[in-house]
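Here's the structure we're looking at; comments come further down.
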Amino acid sequence: MREHSELGVCVLLLVLGVLVMTDALTMDVDITQRGPVGPKTVPVVVGIGLLVVAALLAVDVLRGGRGEAEGGEDVDLSEPADWRTVLLLSGIFLGAAVLIEPAGFPVAGALLFWGAAFALGSRRVDRDPLIAAVLSLFTYVLFDKLLGVPLPGGPLMGVL
């Protein structure tokens, strides 16, 4: 099975394609919609694309095709995984997800950006929190105010 390990990607694409198609075809659509393109169109096209790519990739793998490593890839497979960083990033992400509603996106986003920088090795405590706050506020204003995508503001709702 090692020589056909890419089949795992095929199975993942197949399952994802079936899930998207099932969701799209069972979608409740109002009969009064106008025009030939409705809310089912894009999910059906994406689902069909996933199923086609899964089938083509499976055929290629079974015929002996193998993915080649990129020329610039510098991953040493003999080294163990850095589970500390993975666990730190997971904890920071989950913490931001929990804090986004009570604290608001600007605060949770700043903690997410700062925590991710710390987990990935940055130790600039004089610069990183400031960059995280500016980036989070910019993202909040861009999405909430300019694009009209409502994000929870938390305690800063009245200020922003």
Side-chain angles (χ1 to χ4, degrees), residues 1-106 108-122 132 135-136 138-153:
M1 231 15 224
R2 275 194 180 268
E3 57 269 358
H4 297 304
S5 61
E6 291 94 348
L7 289 176
V9 175
C10 299
V11 170
L12 178 68
L13 290 173
L14 177 72
V15 168
L16 194 58
V18 168
L19 178 67
V20 169
M21 288 297 291
T22 304
D23 222 21
L25 295 176
T26 59
M27 185 183 300
D28 187 29
V29 179
D30 187 14
I31 194 71
T32 61
Q33 81 177 22
R34 297 181 184 205
V37 178
K40 287 185 177 185
T41 306
V42 172
V44 168
V45 169
V46 169
I48 290 171
L50 285 166
L51 294 173
V52 168
V53 168
L56 292 174
L57 182 59
V59 168
D60 181 52
V61 169
L62 293 174
R63 286 184 175 172
R66 297 207 37 96
E68 293 183 23
E70 292 181 25
E73 214 170 290
D74 60 352
V75 176
D76 185 5
L77 297 176
S78 65
E79 290 291 318
D82 185 7
W83 289 108
R84 179 185 178 273
T85 302
V86 171
L87 292 174
L88 272 173
L89 285 172
S90 299
I92 291 163
F93 180 77
L94 290 173
V98 168
L99 285 176
I100 197 165
E101 199 58 46
F105 181 84
L111 291 173
L112 175 67
F113 294 138
W114 185 18
F118 179 83
L120 294 172
S122 179
L135 188 59
S136 181
F138 174 76
T139 305
Y140 175 77
V141 170
L142 177 73
F143 277 85
D144 195 67
K145 305 300 181 195
L146 298 177
L147 296 176
V149 177
L151 294 174

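Positions are given from 1, in the same order as the sequence printed here. Everything quoted here is computed from the prediction, not taken from an experiment.
Taking A108 as the reference, L99, I100 meet the side chain to side chain contact (heavy atoms under 4.5 Å, CB included) condition, with sequence neighbours excluded. Remark: S122 pairs with D128 by the side-chain hydrogen bond (donor to acceptor under 3.5 Å, both in side chains) rule, at least two apart or across chains. Listed by chain and number, the residues in a side chain to side chain contact (heavy atoms under 4.5 Å, CB included) with L146 are L142 (sequence neighbours excluded). With sequence neighbours excluded, the residues forming a side chain to side chain contact (heavy atoms under 4.5 Å, CB included) with L50 are L13, L16, V20, V46, listed by chain and number. By the side chain to side chain contact (heavy atoms under 4.5 Å, CB included) test, I48 pairs with M21, V44, V52, sequence neighbours left out.
Counting all heavy atoms, side chain and backbone alike, C10 lies closest to L57 at SG-CG, 3.5 Å. For the pair P106 and P152, the tightest heavy-atom approach, listed with the atom from each and the gap, is CD-O, 3.8 Å. Taking both residues in full, the closest heavy atoms of M27 and K40 are given as O-CE, 3.3 Å, listed atom of the first, atom of the second, then distance. The two atoms that bring A132 and A110 nearest to each other are CB-O, 3.4 Å, heavy atoms only.
Looking at T139 and F105, their side chains come closer than 4.5 Å, going by heavy atoms from C-beta outward. Side-chain contact check for L51 versus V18: some heavy-atom pair is nearer than 4.5 Å. Within the 4.5 Å cutoff, side-chain heavy atoms of L112 are placed close to those of I92. Looking only at side-chain heavy atoms (C-beta outward), D23 and P43 stay at 4.5 Å or farther from each other.
We find the CZ-CG distance between F143 and L151 to be 7.5 Å, quoted to the nearest 0.5 Å. Note that CG of L120 is 9.0 Å distant from CG of L88, once rounded to the nearest 0.5 Å.
Judged as a side-chain hydrogen bond (donor to acceptor under 3.5 Å, both in side chains), the pairs with a partner in residues 84-106 (not counting sequence neighbours) are, in order, D82-T85.
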